[in-house]
Amino acid sequence: MSRFLCDKYAPLKEYTPGEQPQGMKFIKLNTNESPYPPSENVITAAKEQSELLNLYSDPQAKELKKALAERYGTEYENVFVSNGSDEILEFFFMAFCSDRKVAYPQISYGFYPVYAQLFGADAEEIPLKDDLSIDHNDYVAINKNIVIANPNAPTGICLTKNEIEQIVSSNKDNIVLIDEAYVDFGGESSVELVKKYDNIVVCMTFSKSRSLAGGRLGFCFANEKIIQDLEKIKYSTNPYNVNRMTQACGVEAIRNDGYYMQNAKKIICTREYLIGEYKALGFEITDSKANFIFASHSDISGKELYEELRSHGILVRHFSTPRISNFVRISIGTQEDIQTLVSVTKEILKARRAL
Ligand SMILES: *Cc1c(COP(=O)(O)O)cnc(C)c1O
């Protein structure tokens with residue numbers, strides 16, 4: 001820390017991203033990226049736009065917003081796009097939670113507490129149930145802003161649209177953000193509630209199901225007044241927040257929706273295969289509807305399993321957070337990668353039992 005940093009940022013605990021090894025040959029199952037490449041048209045679009053990099057991008061991102069409104073059955077005025085959905089979360093906390101109350105699950109996406117602290121929100125972390133699921137009743141009529149990842153991270157467990165609606169309709173004087181980063185892998189979207197309620201934001205990303213984590217593209221749907229507030233923050237910080245290559249990639253990705261939804265189906269199949277194999281090996285696994293599983297085993301700690309897998313060239317994610325330190329989160333890769341994971345895991349457990 002330099003002697004120039006403003007006092008209020010000194011205690012800030014920043015977010016820790018998962019490892020992104022450069023060049024090293026790992027089977028990378030640690031940051032929930034898609035194992036499948038972008039579609040051909042997306043790659044072509046990026047190349048075409050790269051020749052125009054001397055020019056700024058469209059600050060209104062018109063084409064992209066139109067494509068998203070059409071795909072999700074909303075009006076153009078209900079769409080906002082951002083540099084990754086992390087930026088939507090950032091703008092949400094900045095615009096609506098600065099010096100205000102906000103509640104989110106105690107175990108969830110690691111960025112919520114960071115933004116809460118950054119923008120001085122009065123944050124309440126609500127514990128999960130014993131089975132690591134969210135009790136939606138804990139959020140009914142609490143008269144605070146609310147942020148919930150659905151499916152939740154890192155458990156993958158879902159709430160139903162009906163449960164989300166009970167939260168939204170009982171907190172009419174507060175905003176509820178539903179972070180649907182993983183919704184394409186089997187969750188139930190709440191995007192339709194945007195038509196009915198003026199206090200819900202439904203946030204999604206191209207990073208997970210649409211193979212564009214490196215392009216940084218997020219989007220959300222909400223009442224047009226809320227969208228205007230988010231635009232106000234955007235134009236006050238970074239009007240060209242989505243670069244021209246990424247905007248064009250987003251448009252093409254929506255045109256190639258079938259390809260991506262097919263990939264999501266493959267990932268679901270591989271997830272179910274992995275859950276079956278891991279259960280047979282004695283793992284406890286949460287009911288994940290995301291592109292990862294969250295698993296623990298009584299014969300090996302989460303940290304040791306993470307380390308053993310790493311030494312065998314497989315990267316997964318381990319959190320030393322209380323209550324979940326015995327788990328590992330494993331992103332769903334290709335069927336082949338997951339088969340390798342299963343056989344390596346068998347070896348590791350066999351070696352343990354022989355000790
Ligand atoms: C990955 C993730 C995000 C952020 O994704 P971006 O890459 O910033 O679009 C947001 N919320 C959750 C729950 C995530 O897992």
Side-chain angles (χ1 to χ4, degrees), residues 14-20 28-35 38 61 64 68 79-94 102 104-116 118 125 128 132-134 146-159 164 176-187 189-191 201-221 230 234 238 241-243 246-247 249-250 253-254 260 264 267 271 286 288-294 316-317 319 321 324 327 329-332:
E14 67 271 36
Y15 178 74
T16 317
E19 291 166 83
Q20 302 295 352
K28 197 173 174 307
L29 307 175
N30 69 330
T31 52
N32 299 342
E33 291 138 323
S34 175
L64 179 56
L68 285 166
V79 189
F80 182 77
V81 296
S82 65
N83 190 322
S85 59
D86 287 339
E87 193 179 54
I88 289 173
L89 299 172
E90 179 190 355
F91 289 0
F92 177 87
F93 277 89
M94 196 189 304
V102 62
Y104 45 78
Q106 194 168 52
I107 295 170
S108 191
Y109 186 41
F111 238 131
Y112 306 152
V114 177
Y115 288 136
L118 181 58
E125 301 194 342
L128 300 182
L132 299 180
S133 67
I134 292 170
I146 294 166
V147 177
I148 290 179
N150 190 36
N152 196 18
T155 63
I157 301 171
C158 293
L159 294 175
I164 298 291
V176 179
L177 182 140
I178 305 301
D179 182 347
E180 296 189 351
Y182 300 106
V183 75
D184 293 327
F185 304 103
S189 179
S190 295
V191 74
V201 178
V202 176
C203 178
M204 301 186 197
T205 175
F206 281 72
S207 294
K208 313 287 166 46
S209 56
R210 290 193 170 98
S211 303
L212 215 58
R216 312 304 302 125
L217 184 56
F219 56 108
C220 70
F221 302 100
L230 294 172
K234 178 184 95 173
N238 187 7
N241 63 337
V242 182
N243 74 70
T246 297
Q247 286 193 25
C249 288
I254 294 299
Y260 293 102
I267 288 166
R271 177 185 73 207
T286 58
S288 174
K289 295 278 180 280
N291 66 339
F292 55 80
I293 65 159
F294 199 51
V316 301
R317 190 93 195 253
F319 302 93
T321 320
I324 57 167
F327 285 78
R329 190 195 68 191
I330 304 174
S331 309
I332 304 302

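Any value given below was found using the heavy atoms of this structure, including those in side chains, with hydrogens, waters and symmetry copies removed. Whatever order the structure lists them in is the order used to number ligands and atoms, beginning at 1. Here, residue 1 is the first one in the sequence, and each next residue gets the next number.
The aromatic ring centres of Y109 and Y15 sit less than 6.0 Å apart. Between F219 and F206, a ring centre-to-centre spacing shorter than 6.0 Å is recorded.
In terms of the side-chain contact (heavy atoms from CB on, under 4.5 Å) criterion, residue partners of C203 (sequence neighbours excluded) are, by chain and number, S85, I88, L177, C220. Checked against side-chain contact (heavy atoms from CB on, under 4.5 Å), E125 has the following partners two or more places apart in sequence or in another chain: Y104, Q106, P113. Judged as a side-chain hydrogen bond (donor to acceptor under 3.5 Å, both in side chains), and not counting sequence neighbours, the contacts of N32 are Y182, S331.
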At less than 3.5 Å, what protein N or O atoms come close to the N or O atoms of ligand 1? Include the distances to 0.1 Å.
| from | atom 1 | to | atom 2 | distance (Å) |
| --- | --- | --- | --- | --- |
| ligand 1 | 5 (O) | S85 | OG | 3.2 |
| ligand 1 | 7 (O) | S207 | OG | 2.6 |
| ligand 1 | 7 (O) | R216 | NH1 | 2.7 |
| ligand 1 | 7 (O) | R216 | NH2 | 3.4 |
| ligand 1 | 8 (O) | S85 | N | 3.2 |
| ligand 1 | 8 (O) | D86 | N | 3.0 |
| ligand 1 | 8 (O) | D86 | OD1 | 3.4 |
| ligand 1 | 8 (O) | D86 | OD2 | 3.1 |
| ligand 1 | 8 (O) | R216 | NH2 | 2.8 |
| ligand 1 | 9 (O) | S85 | N | 2.7 |
| ligand 1 | 9 (O) | S85 | OG | 3.0 |
| ligand 1 | 9 (O) | T205 | OG1 | 2.5 |
| ligand 1 | 9 (O) | S207 | OG | 3.3 |
| ligand 1 | 11 (N) | D179 | OD1 | 3.3 |
| ligand 1 | 11 (N) | D179 | OD2 | 2.6 |
| ligand 1 | 15 (O) | Y182 | OH | 2.5 |
| ligand 1 | 15 (O) | K208 | NZ | 3.0 |

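Counting all heavy atoms, side chain and backbone alike, I134 lies closest to L159 at O-CD2, 3.6 Å.
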